[in-house]
Structures are given as C-alpha cells and as structure tokens.
Amino acid sequence: MLRPTIKAIDIESPDKLIELLERHAYLADEGLATAAFLALKMGRPLFLEGEAGVGKTELAKTLATLLGAPLIRLQCYEGLDAAQALYDWDFARQLLHLKAAEAAGITDVSRLEGEIYDRRFLIARPLLKAVETQPSVLLVDEIDRADDEFEAFLLEVLSDFTISIPELGTVRATTPPVVVVTSNRTREVHDALKRRCLYHWLEHPSFDREVAILLRRLPDCTETLAAQVARAAERLRQASLVKPPGVAETLDWTEALLTLGAKELDPGLAAATLGAALKYREDVAHVLGNGLLSHG
C-alpha cells in the first residue's frame, strides 16, 4: 500500500514544492511550481498546455510519488466516451453468475437482478477509480485528442467529483483527487473546461535548466556532454521542425550517447543518434542537409 510521504496541506509555499519535486528529480521553475501549489491548496484541477515532451505528464507522476498517492491515468483519444472513462459492467462474469444460479435452481428474478448488479461485477475505469480512491492523482492526458462531447462530460465530473450509477446509486469523493489535465494543443480546448482549472503553459526549459535536468536524471552524464546536448536541442527547436525535441527526447538522446560511451557530442555521433531526438524523416533530412549539428 502506498503511504503518503507528505500531505498537500503540509506544502507551505511554491518554494517548498520546488524543493520536494527536485527530490524526485523533477526540476520545476517558479511559474510551474506556483501553479501546481495553488492547484493543491485550492483543490482545483491544473491544466497544463505545451509542446509534447516538456514535462506535463511527468509532473503528474512526480506529484503522485511525493504525495504517496496512486497515479490514475485517463489517456484521451478520438472517440473516447463516458462509459470508457467511468465504468463498465463485467458481462462475462454476470453471465457466469446467472448460469451458476440456474444450475443451483435459483429462479427468483428480483434476487438475480440484485445479484448481477452487485459492486463486484462493476469494472471501475479511471474516473470512477479516482473518485473512489483517497488520496489519488488523476491525470487526464492529452484532452485535446478527445471529442467536444467528452470535454463537456469531463467538465461535469470535475465540478463535483460525483458519479451516478443507476443500478448502485451515487458515488461521491470524500477527498477529491489532485487533477492534472494536459494538452499538446493539437486543437483548442473549450473555455468552459479551462475556466474550471488553473492554467499554465509549459515552455521548453532554458539552457541552464535543461543542463541541470540532464545531470539530475542521468548521473553518468558529464557537464560537457549535457551542455553540448542542451545547446544542440536549443538549435533544433529554432529550426522550424515538424516536431522539435522536448525534454523527453533530449533525455533519450543523451542516454543513447551515454550507451555508446560518449563523453562529448561530435557531429558524427550526433548524426548517428539523431533518431533518439527527432521522430520525423523530414526533420532528420532538414537537420542533416543544413548542417545544424556541425556547430559547436
């Protein structure tokens, strides 16, 4: 069982939250830490927008770790509906139960209906799990990939953390989960949902912060290599690519270099490992064709 290492109520300032996140290898700047601190204190969802790979999902994971709470993740996608996010009945088990009751000679219809809609046959999906689990951290990941209808439904759930199950009654969170909603901004999310949340836009980290992240996450990385990779990533983000590298890709790139025994980043090695940082053929061709890895 997870045990809280610290409670949200005990985090007395954004600076304290920065310190706690850093203990778990997440280096947050003042703006992000302030937004997360206020979300914890005010009991409001935190809406994080930004490019893919800048640390939105990782923040939710780190908050769950430092709070000693399970991370419950709802991955959004086109076509996601309420049933897939809330709960389902386990029809296979219900059918087996009916067959067993029939074999035992039970014919009381009212009794059977009551039994098959028992809580043990209910499959809790992420939103119901988050409402039933205290404490918990609910990550609604990439809400921009879901449909407008699901957005409206999510807004209703986040308003009071109450879920109605017709066969069982109402489930209400005694302690609402910590909620982090992320978006890569592939489309605009409706204002109504944003108004329910505290909002923060995550930028790519500064050069110094990215170097610090690499050194913190990858202890075998030298300061020279970290600085060279961070500088190269900075150039790539200014190169009008389809998908510039985020922090996640920078970490992958550095790890790939370390796996090859690199202590410094030379153009040949950078080109050979570029697939760890860039994920589109057009981007790789643009970078190699324009010599963007040959600079110091």
Side-chain angles (χ1 to χ4, degrees), residues 21 26 28-29 31-32 35-36 39-40 44-65 67 69-88 123-131 133 136-159 161 163 176-205 213 233 237 241-252 276-280 283:
L21 291 170
Y26 190 97
D29 61 22
L32 176 58
L40 291 172
R44 298 277 296 278
L46 177 61
F47 190 102
L48 299 177
E49 267 192 332
E51 299 288 341
V54 294
K56 304 183 295 296
T57 298
E58 195 63 28
L59 176 66
K61 293 178 179 178
T62 308
L63 286 173
T65 299
L67 294 172
L71 177 72
I72 299 171
R73 182 173 183 166
L74 174 60
Q75 181 63 52
C76 298
Y77 53 87
E78 186 177 353
L80 177 66
D81 61 26
Q84 294 162 316
L86 281 176
Y87 64 86
D88 269 326
I123 302 171
R125 302 303 185 192
L127 293 181
L128 180 57
K129 282 183 183 177
V131 168
T133 306
S136 66
V137 174
L138 172 63
L139 168 61
V140 182
D141 215 7
E142 299 183 325
I143 184 62
D144 52 318
R145 295 186 182 276
D147 302 324
D148 291 351
E149 294 78 6
F150 182 79
E151 230 182 270
F153 159 74
L154 180 64
L155 177 63
E156 182 181 345
V157 174
L158 295 183
S159 296
F161 296 102
I163 293 172
V178 174
V179 180
V180 177
V181 182
T182 76
S183 168
N184 295 336
R185 209 171 187 180
T186 59
R187 69 168 177 86
E188 285 295 336
V189 175
H190 288 195
D191 288 342
L193 181 58
K194 286 186 176 181
R195 282 197 301 270
R196 179 69 187 83
C197 307
L198 298 179
Y199 177 85
H200 186 76
W201 173 269
L202 261 73
E203 299 281 358
H204 289 291
I213 291 170
R237 290 169 191 150
L241 302 179
V242 175
K243 170 60 179 74
V247 178
E249 286 77 24
T250 307
L251 285 164
D252 286 345
L278 302 181
K279 309 301 178 180
Y280 286 86
D283 287 346

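Just so you know, these numbers use all the heavy atoms, side chains as well, and skip hydrogens, waters and symmetry mates.
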Quick check: do [X] and [Y] have side-chain heavy atoms less than 4.5 Å from each other?
X: Leu46; Y: Leu59; result: yes
X: Pro177; Y: Thr133; result: no
X: Arg125; Y: Gln84; result: no
X: Pro45; Y: Arg196; result: yes
X: Thr186; Y: Glu142; result: no
X: Ile72; Y: Leu127; result: no

So, taking the atom named [atom1] in [X] and the one named [atom2] in [Y], what distance separates them when rounded to the nearest 0.5 Å?
X: Leu80; Y: Arg145; atom1: CG; atom2: CZ; value: 13.0 Å
X: Leu138; Y: Leu158; atom1: CG; atom2: CG; value: 7.0 Å
X: Lys56; Y: Glu51; atom1: NZ; atom2: CD; value: 8.0 Å
X: Leu198; Y: His200; atom1: CG; atom2: NE2; value: 11.5 Å
X: Ile143; Y: Asn184; atom1: CD1; atom2: CG; value: 12.0 Å
X: Ile213; Y: Thr250; atom1: CD1; atom2: OG1; value: 8.5 Å

Quick check: does any side chain N or O of [X] sit under 3.5 Å from a backbone N or O of [Y], one acting as donor and the other as acceptor?
X: Asp147; Y: Gly79; value: yes
X: Asp283; Y: Val242; value: yes
X: Arg187; Y: Ala146; value: yes

Return the set of residues passing ring pair (Phe, Tyr, Trp, His ring centres under 6.0 Å) with Phe150 (not counting sequence neighbours), or none when no residue passes.
Phe153

My understanding is that only residues two or more places apart in sequence, or in another chain, count here; which of them pass side chain to side chain contact (heavy atoms under 4.5 Å, CB included) with [X]?
X: Glu249; answer: Lys243, Pro245, Lys279
X: Glu58; answer: Tyr26, Lys61, Thr62, Arg217
X: Lys194; answer: Phe47, Glu49, Glu188, Val189, Tyr199
X: Val178; answer: Leu40, Leu67, Val137

Under the rule for side chain to side chain donor-acceptor pair (under 3.5 Å), what residues qualify as partners of Asp81, not counting sequence neighbours?
none

List the steps and the verdict of salt bridge (Lys or Arg N to Asp or Glu O under 4.0 Å) for Asp144 and Arg185.
CA-CA 6 Å; Asp144 52 318; Arg185 209 171 187 180; over 6 Å; no

Are there more than 12 heavy atoms of other residues, nucleotides or ligands under 6.0 Å from atom CD of Gln75?
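Counting other residues, nucleotides and ligands, CD of Gln75 exceeds 12 neighbours.
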
Check this for me: Tyr77, atom OH, are more than 12 non-hydrogen atoms of other residues, nucleotides or ligands nearer than 6.0 Å?
yes

So which of Val247, Val54, Thr182 actually passes side chain to side chain contact (heavy atoms under 4.5 Å, CB included) with Leu202?
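Testing each of Val247, Val54, Thr182 against Leu202, the sole residue satisfying side chain to side chain contact (heavy atoms under 4.5 Å, CB included) is Val54.
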
